[in-house]
Amino acid sequence: MQPVPQPVAQLRTPSRRTYGSVRSVLTALALVLGALFAPGFGALSTAGDAHAAVTVTKISHATATSMFRSSGITWSSSGGCSDRNNATCTSFEQLNQATAQGAQTLKSASGCALNITGGTETGHASGTYSHWNGYKLDFAKGTCVTNYVKNTFTYIGLRGDGAPQWKSGAGNVYADEGNHWDVTFYNCGGC
């Protein structure tokens, strides 16, 4: 038996309606991809993924203290010092500029008194988004700042060590470590 030839489909010229449908599909695809890859959402929902390509500007202790002083933010250390290599000091050497700006944003947004008790000094947990690498600050606990964090930000569950966490709209994470707030600033918080 010989194969039976099949009729060839006729090609049609696409109508305006077809182009409109393609445009609609492409627009929807662009919106979905934008949502998937927007910082803090979709496929890149962890702050680490969303901020991996961000350029980080490091600042000196003197620059950070000037920024904090101008915003009415205080700082203290159990050792009364600022040596980065001494765990009893509070140092801001090599702090990320966005971290300092994040503290300023927290101060202006909350209207609370802020006292920083931990900066970039040695003695904190290690990791990419650590104190040493300039991403974290510790703030003394106070009723005003605690109420602000808990009533303004979204509770996201317990950290691996059991500390309850809240996430700001900007993606910064506030962990309640009992006697202080351990804050990871992935960005300046809307500065």
Side-chain angles (χ1 to χ4, degrees), residues 46-150 153 156 158-168 170-191:
T46 65
D49 290 336
H51 303 286
V54 173
T55 302
V56 175
T57 301
K58 300 292 186 178
I59 59 174
S60 68
H61 182 83
T63 298
T65 57
S66 176
M67 291 172 71
F68 296 147
R69 194 175 290 113
S70 74
S71 296
I73 299 170
T74 60
W75 58 94
S76 58
S77 71
S78 58
C81 50
S82 61
D83 180 357
R84 188 169 198 231
N85 296 302
N86 183 336
T88 65
C89 298
T90 297
S91 174
F92 305 123
E93 197 62 41
Q94 294 297 303
L95 188 68
N96 295 340
Q97 182 176 24
T99 300
Q101 292 169 325
Q104 291 177 306
T105 300
L106 175 62
K107 169 70 175 167
S108 63
S110 69
C112 300
L114 293 181
N115 182 55
I116 301 170
T117 60
T120 60
E121 66 280 348
T122 192
H124 298 280
S126 62
T128 302
Y129 299 101
S130 64
H131 282 272
W132 183 263
N133 288 336
Y135 288 91
K136 287 188 168 202
L137 291 172
D138 288 341
F139 294 93
K141 288 281 278 292
T143 303
C144 182
V145 71
T146 296
N147 287 341
Y148 178 79
V149 169
K150 291 183 176 182
F153 303 145
I156 58 170
L158 301 178
R159 197 167 62 183
D161 62 1
Q165 303 175 101
W166 285 261
K167 189 174 191 177
S168 74
N172 298 322
V173 177
Y174 293 69
D176 184 346
E177 293 192 347
N179 63 350
H180 67 273
W181 285 100
D182 176 75
V183 183
T184 308
F185 291 99
Y186 297 107
N187 57 64
C188 68
C191 57

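With values rounded to the nearest 0.5 angstrom, Leu137 atom CG is found 5.5 Å from Phe185 atom CZ. Rounded to the nearest 0.5 Å, atoms OG (Ser70) and CZ (Phe68) are 9.5 Å apart. Atoms NE2 and CG, from His61 and Asp83 in turn, are 10.5 Å apart once rounded to the nearest 0.5 Å. To the nearest 0.5 Å, atoms CG (Leu95) and CE (Met67) are separated by 8.0 Å. If you take CD on Gln101 and SG on Cys188, they are separated by 5.0 Å, rounding to the nearest 0.5 Å.
The main-chain N or O of Asn187 is found under 3.5 Å from a side-chain atom of Asn172 such that the two form a donor-acceptor pair. Side-chain N or O atoms of Asp182 include none that pairs as donor or acceptor with a backbone N or O of Lys136 at under 3.5 Å. Between the Asn96 side chain and the Lys58 main chain, no donor and acceptor come within less than 3.5 Å of each other. A donor-acceptor distance shorter than 3.5 angstrom exists from the side chain of Asp161 to the backbone of Ala163, with no hydrogens or angles considered. Proximity of a side-chain donor or acceptor of Thr120 to a complementary backbone N or O of Ser91 within less than 3.5 Å is detected. With hydrogens and angles ignored, the 3.5 Å screen pairs a side-chain donor or acceptor of Lys107 with a backbone N or O of Cys112. Judged purely by atom type and a 3.5 angstrom limit, Ser71 has no side-chain atom pairing as donor or acceptor with the backbone of Ile73.
Here the side chains of Glu121 and Thr90 are in contact, with some heavy-atom distance below 4.5 Å. Here the side chains of Phe139 and Ile116 are in contact, with some heavy-atom distance below 4.5 Å. In this structure the side chain of Ile59 never reaches within 4.5 angstrom of the side chain of Thr99, judged on heavy atoms. Between Trp181 and Asp176, some side-chain heavy-atom pair lies under the 4.5 Å cut-off. For the pair Lys150/Trp166, a side-chain contact is recorded, criterion being any heavy-atom separation below 4.5 Å from C-beta on. Contact check for Glu93 versus Ser60: side-chain heavy atoms found under the 4.5 Å cut-off. Residues Asp138 and His124 have side chains in contact (heavy-atom distance under 4.5 Å, counting atoms from C-beta outward). Between Ser126 and Trp132 there is no side-chain heavy-atom pair separated by less than 4.5 Å.
Asn179 meets the side chain to side chain donor-acceptor pair (under 3.5 Å) test with no other residue; sequence neighbours excluded. For Thr57, the side-chain contact (heavy atoms from CB on, under 4.5 Å) partners are Gln97, not counting sequence neighbours. Ser108 is linked by a side-chain contact (heavy atoms from CB on, under 4.5 Å) to nothing, counting only residues two or more places apart in sequence or in another chain.
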### Task
Would you check, one step at a time, whether the test ring pair (Phe, Tyr, Trp, His ring centres under 6.0 Å) holds for Tyr148 with Phe153?
CA-CA 8 Å; Tyr148 178 79; Phe153 303 145; 5.5 Å; yes
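Residues Gly189 and Ala170 share a closest heavy-atom pair of CA-CB, 3.7 Å. Shortest non-hydrogen contact noted between Gly119 and His131 is O-ND1, 2.9 Å. Nearest heavy atoms, Ser110 versus Cys144: O-SG, 4.4 Å. Summarising the geometry of Leu106 relative to Val145, their closest heavy-atom pair is CD2-CG2, 4.5 Å, with the distance given to 0.1 Å. Across all non-hydrogen atoms, the minimal contact from Lys141 to Gly178 is NZ-O, 3.0 Å. Contact between Val173 and Ile156 at its shortest, heavy atoms only, is CG1-CD1, 4.2 Å.
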